[in-house]
Amino acid sequence: MMVADPVTPIGLLIGTDRLTRTSLAPHPHIYPATGAPNATVALAGADEVGMAVSAAREAQREWITLGVGQRRDKLIDLADVVREHLGELAELNTLDYGVPISYAGNAVMLDQFLRHFAGYVDKPHGSSTPVSGSSDVNLIEREPFGAVGVIAPWNGSLVVAASCVAPALAAGNAVVFKPSELAPLAALRFGELCLEAGLPPGLVNILPAAAEGGDALVRHAGIAKIHFTGGGHTARAILRAAADNLTPVVTELGGKSANIIFDDADLDIAAVRSAHQGPLMQSGQSCACASRILVHEAVYEAFTERFIDVVESARIGDPLDPATVFGPVISAAALDRIVGVVGEAVDSGSGDLLAGGRRLTEDSLAAGYYLEPTVLGNVDNTSPLAQTETFGPVVSLIPFADDDGAVRIANDTPYGLNAFVHTRDLTRAHTVARRLQSGSVWINQGSRISPQGPYGGYKQSGSGRTGGLEGLREFQQVKNIRIGIG
Ligand code: NAD
């Protein structure tokens, strides 16, 4: 399936212009479900970044002079337009990276976050406090940064549009949004919808780019802040590049989340949730994926049996079929890498292969990048399999003996993004949650990323928060104004 004419590249969006020719060669976008070309996408380099930053800075000056009521209404108008196009955005999201369309929730998030952050625009953003020994008026105000750069991973262009672009605009900024070249389609449509909703041209610019364009964005002196979502390796390169201009950088990074199954949990429900939060969730290609399942030794066998039943009965197939639960991984290279990680774990005795581990070669799936959902048992938590993000449909089962052991294993990785706890005992759930080094703890449920809930990591899972007031604050800077009286 081609989403566009294969010869003419899909253009970048800068202001109202679509740039189909840039300083760099266009990127052939591949649909992971078929391994076939899907579209050709223009890529931004330094020149296009410069144009987009100029457009954003000009639009931001217009945006900030609008009254707060007008800015609030414009964001609600945008949410309305997004809501009218939810089906189209969900389909483009699927074509972007092969995620089953049953994950249409990514498009719904955009609608929800825009409405949530629109609500902040006309609410108090500052305060006034007395100062000792003076009758001065002491104001603490919150201002936008100006033009900010938002960089998204291939598995999250709509999620990042929701969790970062929406608060950036609500705080009064303009955005240069850089989706991955591997998944630019839904983001580009979102940029068009911003114009259709009547946002000032240039307020949201969409620049699909690879590392070169991303680096140019980070280094541009006109960018006042970078919000980066992606992997730790890239975050290190970005932090180094941002050092030249001392540009502040927020990072939202990967995870190796623990999902703790206590011996009093409802095992049938825990097995279903763990499968959908683990290997089945976007084929394990989600930062929120619970890739380590810690199971109390008393229920280890009973849970494992139920869990594998659920995993092996997942419907695998065409991502555009609403009944499909499990789709391909992003690329042939990713598939080879993931198969290698599993082979290495088995060969080194780090775990026992209980399910999956092979590329799917049935006729309808052979050309796509499909891998069996994969489960390893009795995994050594110190092994590379348990310590590094696999970013594929692979989970480790790790037995534990008591609550202290569960907490120790859960915290024993460099990451700290999410954790999950399954128990009927709420005292135990809460006590354990407080001991977990993790930005989110979800108890008796799967991941629940909401506009109201701050989301982000501890340790090497990142420094920032999206969602709620904390998410808005990432896009505001603080000014103190003192007025002498008398
Ligand atoms: P990645 O780090 O390879 O790329 C992320 C983005 O950075 C892409 O747009 C890429 O083009 C860009 N980039 C690459 N090099 C750059 C450079 N030198 N300068 C500027 N930009 C550059 O990550 P990915 O493979 O696209 O996504 C997967 C990763 O993202 C996983 O680690 C996953 O856990 C993480 N992720 C985190 C969250 C979160 O909210 N914490 C959400 C989704 C994904």
Side-chain angles (χ1 to χ4, degrees), residues 1-6 10 27-41 85-110 153-159 179-190 272 275-286 288-289 309-339 355-375 391-395 446:
M1 163 178 319
M2 290 293 295
V3 291
D5 156 18
I10 300 181
H27 175 77
H29 180 266
I30 304 292
Y31 184 39
T34 58
N38 208 13
T40 308
V41 183
H85 292 85
L86 284 181
E88 185 189 357
L89 286 168
E91 193 171 312
L92 288 170
N93 193 47
T94 293
L95 294 171
D96 259 335
Y97 64 102
V99 64
I101 200 148
S102 48
Y103 282 88
N106 289 350
V108 174
M109 267 181 82
L110 184 53
W154 54 260
N155 72 327
S157 67
L158 286 181
V159 172
S180 166
E181 80 280 21
L182 300 178
L185 306 173
L188 283 164
R189 186 67 184 119
F190 168 62
V272 172
H276 288 278
Q277 190 64 43
L280 304 183
M281 184 185 202
Q282 303 199 52
S283 298
Q285 304 169 114
S286 165
C289 177
D309 271 357
V310 181
V311 168
E312 290 189 331
S313 59
R315 179 149 168 175
I316 304 174
D318 174 3
L320 286 167
D321 178 346
T324 295
V325 170
F326 185 82
V329 296
I330 181 71
S331 64
L335 193 143
D336 289 346
R337 180 184 57 76
I338 298 162
V339 170
R358 289 178 310 115
R359 182 173 188 164
L360 283 156
T361 50
E362 288 147 42
D363 285 351
S364 60
L365 307 177
Y369 311 132
Y370 286 87
L371 179 67
E372 291 170 330
T374 300
V375 183
F391 224 58
V394 180
V395 292

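Every value quoted in this text rests on a predicted model; they were computed, and no experiment measured them.
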Taking only distance into account, with no hydrogens and no angle test, what donor-acceptor pairs under 3.5 Å do side-chain atoms of residues 181-189 form with protein atoms, sequence neighbours excluded?
{"unit_1": "Arg189", "atom_1": "NE", "unit_2": "Glu88", "atom_2": "OE1", "d": "3.4"}
{"unit_1": "Arg189", "atom_1": "NE", "unit_2": "Glu88", "atom_2": "OE2", "d": "2.7"}
{"unit_1": "Arg189", "atom_1": "NH1", "unit_2": "Glu192", "atom_2": "OE1", "d": "2.5"}
{"unit_1": "Arg189", "atom_1": "NH1", "unit_2": "Glu196", "atom_2": "OE2", "d": "3.2"}

query = Side chain of Thr324, backbone of Asp318: donor and acceptor closer than 3.5 Å?
reply = yes
ask   = Do the non-hydrogen side-chain atoms of Thr374 and Val395 ever get within less than 4.5 Å of each other?
value = no
ask   = What is the distance from atom NE2 of His85 to atom CG of Leu92, rounded to the nearest 0.5 Å?
value = 10.5 Å
ask   = Counting N and O atoms only, with roles assigned by atom type, does the side chain of Ser286 sit under 3.5 Å from a partner on the main chain of Ala288, one being a donor and the other an acceptor?
value = yes
request  = Check salt bridge (charged side-chain N to carboxylate O under 4.0 Å, His left out) between Glu312 and all other residues, then give those that pass, not counting sequence neighbours.
outcome  = none
With sequence neighbours excluded, residues passing salt bridge (charged side-chain N to carboxylate O under 4.0 Å, His left out) with Arg359 = none
inquiry  = Between His29 and Val41 (side chain of the first, backbone of the second, donor and acceptor by atom type, cut-off under 3.5 Å), is there such a pair?
reply    = no
ask   = Between the main-chain N or O of Asp309 and the side-chain N or O of Ser313, is there a donor-acceptor pair closer than 3.5 Å?
value = yes
query = Does some side-chain heavy atom of Val394 sit less than 4.5 Å from a side-chain heavy atom of Ile338?
reply = yes
request  = Output all residues satisfying salt bridge (charged side-chain N to carboxylate O under 4.0 Å, His left out) with Asp321, sequence neighbours left out; order by chain, then residue number.
outcome  = Arg315
query = Do His27 and Thr40 touch side chain to side chain, with heavy atoms closer than 4.5 Å?
reply = no
inquiry  = Using only atom types and a distance under 3.5 Å, with no angle test, would you say the side chain of Tyr103 pairs donor to acceptor with the backbone of Gln282?
reply    = yes
ask   = Considering residues at least two apart in sequence or located in another chain, which fulfil the side-chain contact (heavy atoms from CB on, under 4.5 Å) criterion with Leu280?
value = Ala275, His276, Ala314, Val325, Phe326, Pro373
request  = Please step through side chain to side chain contact (heavy atoms under 4.5 Å, CB included) for the pair Leu371 and Leu360, ending with a clear verdict.
outcome  = CA-CA 5 Å; Leu371 179 67; Leu360 283 156; over 6 Å; no
ask   = Can you list every salt bridge (charged side-chain N to carboxylate O under 4.0 Å, His left out) pair that touches residues 326-336, not counting sequence neighbours?
value = none
inquiry  = Going by the rule side chain to side chain donor-acceptor pair (under 3.5 Å), which residues pair with Gln277 if we only count those two or more places apart in sequence or in a different chain?
reply    = Ser447
query = Is any side-chain heavy atom of Asp96 closer than 4.5 Å to a side-chain heavy atom of Leu158?
reply = no
remark   = Rounding to 0.5 Å, atoms OG1 (Thr34) and CG (Leu95) come to a distance of 9.5 Å
query = Between Pro179 and Ser157, which heavy-atom pair has the shortest distance, and what is it?
reply = CB-CB, 4.4 Å
query = Do Tyr369 and Ile30 have side-chain heavy atoms sitting under 4.5 Å apart?
reply = yes
message = Taking side chain to side chain donor-acceptor pair (under 3.5 Å) as the definition, give me every residue that meets it alongside Asn155, ordered by chain and number, with sequence neighbours left out.
response = none
ask   = Who are the salt bridge (charged side-chain N to carboxylate O under 4.0 Å, His left out) partners of Arg358, not counting sequence neighbours?
value = Glu372
message = Test of understanding: with side-chain contact (heavy atoms from CB on, under 4.5 Å), list the residues that count as partners of Pro319, not counting sequence neighbours.
response = Tyr31, Ala33, Thr94, Pro328, Tyr370
ask   = Can you name the nearest heavy-atom pair linking Val329 to Pro393, along with the distance?
value = CG1-CD, 3.8 Å
inquiry  = Checking Phe391 now: which residues fulfil ring pair (Phe, Tyr, Trp, His ring centres under 6.0 Å) with it, not counting sequence neighbours?
reply    = Trp154
